[in-house]
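Data first, discussion second: the structure below is written as structure tokens.
In what follows, chains carry the letters A, B, and so on, assigned in the order in which the sequence lines appear, proteins first and then strands, with residues in each chain numbered from 1.
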Number of protein chains: 2
Amino acid sequence: MTGNATLYDVARAAGVSLATASRSLNGSTRKVNEEYRQRVLAAAEQLGYTANVSAQAVARGTSATVALLVSDIADPYFSAIAAGVIRASEEQGLNVTMAVTERDAQRELELVRLLRGQRPRVLVLAGSRFTDGAGDEPLSAELESFTASGGHVVLISRHRLAFDTVAIDNTGGAAALAASLVDLGYRGFAVLAGPANLVTAQDRAAAFTGALPAPPVAVVHGAFSRDAGYAGMLELIDRGLDTVDLVFAVNDVMAIGALAALRDRGIDVPGRIAVAGYDDISTARDVTPALTTVRVDLESAGAAAVALALGDGGTVQVGAEVVLRASTPRR
Amino acid sequence: MTGNATLYDVARAAGVSLATASRSLNGSTRKVNEEYRQRVLAAAEQLGYTANVSAQAVARGTSATVALLVSDIADPYFSAIAAGVIRASEEQGLNVTMAVTERDAQRELELVRLLRGQRPRVLVLAGSRFTDGAGDEPLSAELESFTASGGHVVLISRHRLAFDTVAIDNTGGAAALAASLVDLGYRGFAVLAGPANLVTAQDRAAAFTGALPAPPVAVVHGAFSRDAGYAGMLELIDRGLDTVDLVFAVNDVMAIGALAALRDRGIDVPGRIAVAGYDDISTARDVTPALTTVRVDLESAGAAAVALALGDGGTVQVGAEVVLRASTPRR
DNA sequence: CACTCCTTGGTAAGCGCTTTCCGGCGCGAC
DNA sequence: GTCGCGCCGGAAAGCGCTTACCAAGGAGTG
């Protein structure tokens, strides 16, 4: 047997019309004679028939897919979100197609265009917007024409744009973390602030420093990655910041990089310097010392995104909760 | 503007026929008058036209997508593979659609059926087969009829089935690791062997124990997860295995769980007991002590899978290389 | 028993594209 | 000057489905 069986083949094999075959195999509203139905089902089974979803999409004018755009799927932050999106989508019988932007606004725009071509029911964009609004204009336009044609757009953690969004509490969590740390007795703060142009990173950094009794001793920027955290920490060390007793990295992977740098330089953590991160990725509790961080339920955020799209839209807040661990003992 | 612009709209706006519009917007072999082409391009731009890929797929009889099936996207093992698959696919102008099996053979079969409906060019299955061959029969049948209809199937680390595969060196790496550890002076081995019915897990465990001078003191089974590694380690501890000086977990996430259990029980690692894992996921070097493991380039494996599918097929070996770190010092 | 209404199968008209096939035109060759 | 050929637009036939719409039959009503 070469080539896929078509509905026509099934109909013929079952001795019924195309319409009846179609009605039997999908949940049409129309009733069909039970005997015919059985014949169709049997024929389909026997021929190994699978409906061609592209054809269905064309005929129905809409496809049962949700398109997901993330910055980097190997990053635990995004893979947690993706897990949520995929789980929720599958529960709704939707397929997920996915692409990665590598944090490039231009690329993101192209991918949105491309994905739009699939006429997905839902388009989920995860990953932070840029503070300078770079590329916002054309992106918004693209998204708008997508919604205009009946699609749902949901943004995760990108409150600047005017679409349904799953907002992650970056400011509240960061402020609460700062308060907790002050409470624990920390006084000299440094911040590994991530990319200067990433909204999420800057929101966290700003809220954190804003909740401090005095400005931080140092703030260093860099990529949102483990290696950048490592490099940033080295830079901090080399500046010789004697008054620093706590380093806040705006996400956990950077914090983990920072821990590595401190370890490599033989600096005692948390004895000499304490470290805190953000996100509570699963490895946060497994590094040594276990990382104090702010827990964000990313998988729920992903699931909420598809729920939002399929429901009434709007904005959903995903909470953030300070998790104190060994990396920040009481001073 | 409501509804998406169709090619027909573009053609009309440009004052040309549907055929000409189509030929201008995709890389057809046919040449079209430069002036017409420009008019079409301008009209498309102006109308915000994006080709409906479903319609294209129907018309062309093939779609530009690769379907990827993984066990669990939040697991770094699979997210690394996914990253490779996505990167390579995008380089070839292919879209990726993705689903997760949750290591359930039944579910996997259903998903393959579903994904087959998309008539993807390539179907990549990552995640280990079951040792008892559970569900192999219908799965093979499904995959065969997929290839019969012109699709490419690539398996990652599932050598038992008769399709193109990216083989991950589980046996060689595990044996080499065992040899290295014996060389370092270890003598009493325990194995956190993962699920008894997962081929990958069992291959690693078997090759490891096979390369040991004497059988391991203990072998405990459990899930392939961090928490199962933790639980397994506790069980090992509770059995009171005085002669054990090294625990080998068949993957890194389990090893990391084991480290946590040892830490929680106050057992010195690597002083009293050393630990080794497999995969070299990115956090392996960031835990304390840094984890000895076997490096597998999962992202390359993912990329290789799509290369294989698009090329001549066959089998590609992805090497495995022992990486000794602080968790297994010389005894 | 005649008439209407509801079921339910089938026919056929799309959905938005690609691609074959035709026909008209311009060119070079004889 | 005629013919043949190559080139390129456009008409139209699909691709595999869904879903109006129609028709035929059975049930219900007076």
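The 12-atom threshold is exceeded at CD of B/Glu34, counting heavy atoms of other residues, nucleotides or ligands nearer than 6.0 Å.
Residues A/Thr50 and B/Gly15 each lie close to DNA chain D; by heavy-atom proximity, the contact nearer the 5' end of the strand is made by B/Gly15. Place A/Asn26 and B/Ala19 on DNA chain D by their nearest nucleotides, and B/Ala19 ends up nearer the 5' end.
At whole-Å resolution of the value, CG in A/Asp9 and C1' in D/dC17 are 13 Å apart. Spacing between atom CG of B/Asn52 and atom P of C/dC15 amounts to 12 Å, rounded to whole angstrom units. Atom CZ in B/Arg119 sits about 17 Å away from atom C1' in C/dC17, given to the nearest Å. Separating the CD atom of B/Glu34 from the P atom of D/dC7 is a distance of 18 Å, rounded to the nearest angstrom. The OH atom of B/Tyr8 sits 14 Å away from the C1' atom of C/dG14 (whole-angstrom rounding). In this entry the distance linking CG of A/Leu7 with P of D/dG14 reads 18 Å, nearest Å. In this structure, A/Asn4 atom CG and D/dG16 atom C1' are separated by 11 Å, rounded to whole Å. Spacing between atom CG of A/Leu25 and atom P of D/dT18 amounts to 8 Å, rounded to whole angstrom units.
One finds no salt bridge joining B/Arg87 and A/Glu102 here, because no Lys/Arg side-chain nitrogen approaches an Asp/Glu carboxylate oxygen to under 4.0 Å.
For the pair A/Thr165 and A/Leu308, the minimum side-chain heavy-atom distance is 4.5 Å or more.
Residue A/Ser22 has a polar side-chain atom (N or O) positioned under 4.0 Å from OP1 or OP2 of D/dT18. At least one side-chain nitrogen or oxygen of A/Gln56 sits closer than 4.0 Å to the OP1 or OP2 atom of D/dT18. Of the side-chain N and O atoms in B/Arg60, one or more sit less than 4.0 angstrom from OP1 or OP2 of C/dT18.
Across D/dC8, C/dG10, D/dG10, the shortest atom-to-atom separation from the side chain of A/Arg23 is found for C/dG10. Nearest to the side chain of B/Arg30, among D/dA20, D/dG10, C/dC15, sits D/dG10. Nearest to the side-chain atoms of B/Asn33 among the listed nucleotides C/dT8, D/dG9, D/dC17 stands D/dG9. Set against C/dT18, D/dA11, C/dG10, the side chain of A/Thr20 has C/dG10 as its closest nucleotide.
The OG1 atom of A/Thr62 sits 11.0 Å away from atom CD of A/Gln56, with the distance rounded to the nearest 0.5 Å.
Only one option out of B/Leu298, B/Val318, B/Ile81 pairs with B/Val166 in a side chain to side chain contact (heavy atoms under 4.5 Å, CB included); it is B/Val318.
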